[in-house]
Protein chains: 2
Amino acid sequence: MNTLEHRLADFCNHCRTQGFPLTPQRLAIFRAVLASVEHPTAEDIYQSIKPQMPSLSLGTVYRTLEWLAQERFISRVHAPDSPIRFDANRTPHHHLVCVSCHRVADIEDPALDELPIAPERLQGFTVTGHHVQIFGVCPACQKR
Amino acid sequence: MNTLEHRLADFCNHCRTQGFPLTPQRLAIFRAVLASVEHPTAEDIYQSIKPQMPSLSLGTVYRTLEWLAQERFISRVHAPDSPIRFDANRTPHHHLVCVSCHRVADIEDPALDELPIAPERLQGFTVTGHHVQIFGVCPACQKR
DNA sequence: GTTATTGCAAACATTTTGCACCAGC
DNA sequence: GCTGGTGCAAAATGTTTGCAATAAC
């Protein structure tokens with residue numbers, strides 16, 4: 001199971017055991033990434049939390065997102081013509097990127113997780129992972 | 001054939017027939033992208049041309065690279081933790097990205113050009129293309 | 001009480017833009 | 001000569017950082 005509650009409990013545990021102070025800002029920021037179906041930018045996260053926590057600063061959001069990525073609770077999504085986005089989905093997946101509105105959707109397909117790459121083409125690189133971006137026009141943009 | 005001379009002639013032709021003034025700046029910038037084996041950033045291009053053309057401005061480099069991409073003579077490469085890079089390679093290919101030094105190498109493999117994506121997973125997106133990024137450590141960084 | 005985090009503002013890196021001047025056609 | 005390109009400097013954008021005040025433990 002991977003419910004929101006489970007993920008949050010995991011996170012609190014990690015902070016406690018690793019000696020990272022569990023601040024309301026961290027909790028709110030991780031919650032916001034977990035809750036978002038889109039892939040929010042730092043600014044998106046900031047705007048979504050600001051109403052309930054007016055003292056929050058954008059710098060803290062950047063620092064915390066960076067730290068969450070380092071601790072492997074979220075990952076960064078780099079798409080063209082867009083600031084860095086964040087993603088709490090930890091199951092292996094790839095991305096559908098709308099070339100019109102720059103929306104990013106997750107795509108899960110085991111066929112994409114194991115690519116048949118010929119080793120002799122790797123030019124001596126030690127591979128640590130890969131990521132597929134599929135470009136296209138999303139349903140909403142097709143209607144325009 | 002796709003020699004440098006051929007690509008340049010193509011480019012000059014395109015400008016002539018499409019009514020785009022063929023300026024020394026445009027020629028120098030396209031030449032620089034063609035000549036580079038790495039995937040240069042705007043700043044890289046600027047620095048490489050500056051000695052022979054001291055009047056060149058960075059703004060022109062950005063404007064020209066953007067225009068070259070629009071006219072499909074080059075493409076943009078978006079890699080994590082790096083400014084936008086440019087690529088004159090027009091044969092279908094993908095990228096090897098070094099997670100240590102952020103170098104980007106081309107990888108050509110027909111297996112990557114036609115991915116077996118199940119249509120029902122596309123969530124209504126109209127697909128226009130895709131791109132594979134393979135992350136790893138390049139030979140130079142492995143030795144450190 | 002100690003230590004790490006936060007808020008704030010300034011700095012930074014990259015890219016875009018407005019405008020007067022200049023060059024290609 | 002007209003049209004669009006260039007150089008320059010300023011602005012915009014996205015992100016990072018230094019530091020004093022503050023909150024978690």
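Residue numbers begin at 1 in each chain, while the letters A, B, ... track the order of the sequences.
Following rounding to the nearest Å, B/L58 (CG) and D/dG5 (C1') show an atom-to-atom distance of 16 Å. Taking atom CD of residue A/E66 and atom P of nucleotide D/dT15, one finds them 10 Å apart after rounding to whole Å. Per the geometry, CG belonging to B/L27 stands 15 Å off P belonging to D/dG5, to the nearest Å. At whole-Å resolution of the value, CH2 in B/W67 and P in C/dT17 are 18 Å apart. Following rounding to the nearest Å, A/M53 (CE) and D/dA23 (C1') show an atom-to-atom distance of 12 Å. Remark: C1' of C/dG24 and CD of B/Q18 are 17 Å apart, rounded to the nearest angstrom. The CD1-P distance, from B/I84 to C/dA13, rounds to 17 Å in whole Å. The CG-P distance, from B/L56 to D/dG5, rounds to 16 Å in whole Å.
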Next on the checklist: side-chain hydrogen bond (donor to acceptor under 3.5 Å, both in side chains), that's the test. Do A/T91 and A/E108 meet it? Break it down for me.
Outcome noted: CA-CA 8 Å; A/T91 65; A/E108 293 183 20; 3.1 Å; yes

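Judged purely by atom type and a 3.5 angstrom limit, B/Q123 uses its side chain to pair as donor or acceptor with the backbone of A/D106.
Side-chain proximity of A/S57 to the nucleotides C/dC8, D/dA24, C/dC25 is greatest for C/dC8. The side chain of B/P83 lies closest to C/dT15 when the candidates are C/dT15, D/dT15, D/dG7.
A/T23 has no side-chain polar atom (N or O) that falls below the 4.0 Å cut-off from OP1 or OP2 of C/dA4. An OP1 or OP2 oxygen of D/dT6 is reached within less than 4.0 angstrom by no side-chain nitrogen or oxygen of B/R63. Within the 4.0 Å cut-off from OP1 or OP2 of C/dT6, not a single side-chain nitrogen or oxygen of A/T60 is found. Taking only side-chain nitrogens and oxygens, A/S55 comes nearer than 4.0 Å to OP1 or OP2 of C/dG7. For D/dT15, the OP1/OP2 oxygens have a side-chain nitrogen or oxygen of A/Y62 closer than 4.0 Å.
Along DNA chain D, the nucleotide nearest to B/G59 and the one nearest to B/Q25 differ in position, and the one closer to the 5' end is contacted by B/Q25. The residue among B/R16 and A/R26 whose nearest nucleotide of DNA chain C is located toward the 5' end is A/R26.
By the 30° and 60° cut-offs, the orientation of the rings of B/F11 relative to B/F30 is tilted.
Taking both residues in full, the closest heavy atoms of A/Q133 and A/A79 are given as NE2-CA, 3.9 Å, listed atom of the first, atom of the second, then distance.
Residues A/I107 and B/I117 form a side-chain contact, since some pair of their non-hydrogen atoms from C-beta on lies under 4.5 Å apart.
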